[in-house]
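What you are looking at is a predicted structure, and each value in this text was computed from that prediction instead of being measured.
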Amino acid sequence: FSGNASGHRPENQNSHIMKTNRTQIHATRISCLFAVLLVASAGLQAATRITSVTGTVTIYTDSGESRPAAVGDVLQPGESIVTSYHSEAVFQADGIDVLLQENGSVSEPDGDMPESISLNYGIITGEAPRSSRGMFSVYTPLGTPEIGAGRFMVNSIFNVERQEMVLQVENMDGRVA
């Protein structure tokens, strides 16, 4: 038993215990903050973020509302980017820079489809880095090419003469599954 006859600890022992408790609480708060920031940054990295806009580029919501696209906009699940004639948008999807060419449309898939983008129609080009993360999926009305690494082009258009959808996929120096 330490302390004096009245059962109280000397002042310097109480001070040491209070400092230890404050340090533990402070360390716990920092750990919680770090965990929240880690989860938030993972969510931001997975989002589709517009990095460049040329011409008339519009974002449409599920409910049909529209707004002009701007650099820094982040698509929410179900929202679409649409480019007009002589327009284009560059966006980052899961760390991959993708160019949506004129007269095209892409959508942000729901949260259950990581490392992916939905190409509704038009042409996208980009370059998937070599990594161990897996394949980058491009959902289209006709199929889902998966890009492993390298420069790629995916074209999903409606051929008016033949009255059919056409899907063209090229990977210049990587692999497509």
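Hydrophobic cluster membership differs between Tyr121 and Leu142, with clusters built from Ile, Leu, Val, Met, Phe, Trp and Tyr side chains linked at under 4.5 angstrom. Clustering ILVMFWY residues whenever any of their side-chain heavy atoms sit less than 4.5 angstrom apart, transitively, puts Leu75 in a cluster other than the one holding Val71.
For residues 96-106, there are no salt bridge (charged side-chain N to carboxylate O under 4.0 Å, His left out) pairs, not counting sequence neighbours. Applying the side chain to side chain donor-acceptor pair (under 3.5 Å) rule to pairs touching residues 78-90 yields Arg67-Glu79, Ser80-Ser107, sequence neighbours excluded.
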Give the table of side-chain donor-acceptor pairs shorter than 3.5 Å for residues 54-65, with sequence neighbours excluded, one pair per line with atom names and distance.
from  : atom 1 : to    : atom 2 : distance (Å)
Thr61 : OG1    : Ser63 : N      : 3.4
Thr61 : OG1    : Ser63 : OG     : 3.0
Thr61 : OG1    : Glu65 : N      : 3.1
Thr61 : OG1    : Glu65 : O      : 3.4

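Between Pro141 and Ser156, some side-chain heavy-atom pair lies under the 4.5 Å cut-off. For the pair Leu100/Ile81, a side-chain contact is recorded, criterion being any heavy-atom separation below 4.5 Å from C-beta on. Contact check for Phe136 versus Asp94: side-chain heavy atoms found under the 4.5 Å cut-off. Residues Val74 and Phe91 have side chains not in contact (no heavy-atom distance under 4.5 Å, counting atoms from C-beta outward). In this structure, the side chains of Met165 and Asn159 stay at 4.5 Å or more apart for every pair of heavy atoms. Within the 4.5 Å cutoff, no side-chain heavy atoms of Arg151 are placed close to those of Glu170.
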Under the side chain to side chain contact (heavy atoms under 4.5 Å, CB included) rule, what do Ile124 and Val106 come out as? Steps first, then yes or no, please.
-> CA-CA 9 Å; Ile124 61 171; Val106 295; 3.9 Å; yes
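Atom CZ in Phe152 sits 8.0 Å away from atom CG in Asn171 (nearest 0.5 Å). Atom CZ of Arg49 and atom CG of Asp73 lie 9.5 Å apart (nearest 0.5 Å).
Shortest non-hydrogen contact noted between Ala93 and Thr48 is CB-OG1, 4.0 Å. Residues Ile50 and Ala69 share a closest heavy-atom pair of CD1-CB, 3.8 Å. Nearest heavy atoms, Ile96 versus Glu127: CG2-O, 3.3 Å. Residue Gly148 comes nearest to Ala128 through the heavy atom pair O-CB, 4.4 Å, listed as atom of the first residue, atom of the second, then distance. Heavy atoms only, all atoms of each residue included: Gln76 and Glu108 are closest at O-CB, 3.4 Å.
Chaining together hydrophobic side chains whose heavy atoms lie under 4.5 Å apart places Ile157 alongside Val166. Its side chain within the 4.5 Å cluster rule, Val90 clusters with Leu99 among the Ile, Leu, Val, Met, Phe, Trp and Tyr residues.
Remark: Gln163 pairs with no residue by the side-chain hydrogen bond (donor to acceptor under 3.5 Å, both in side chains) rule, at least two apart or across chains. Legend: residues meeting salt bridge (charged side-chain N to carboxylate O under 4.0 Å, His left out) with Glu161, ordered by chain and number and at least two apart, are absent.
The backbone N or O of Thr140 lies less than 3.5 Å from no partner atom in the side chain of Asn120, so there is not a single donor-acceptor pair.
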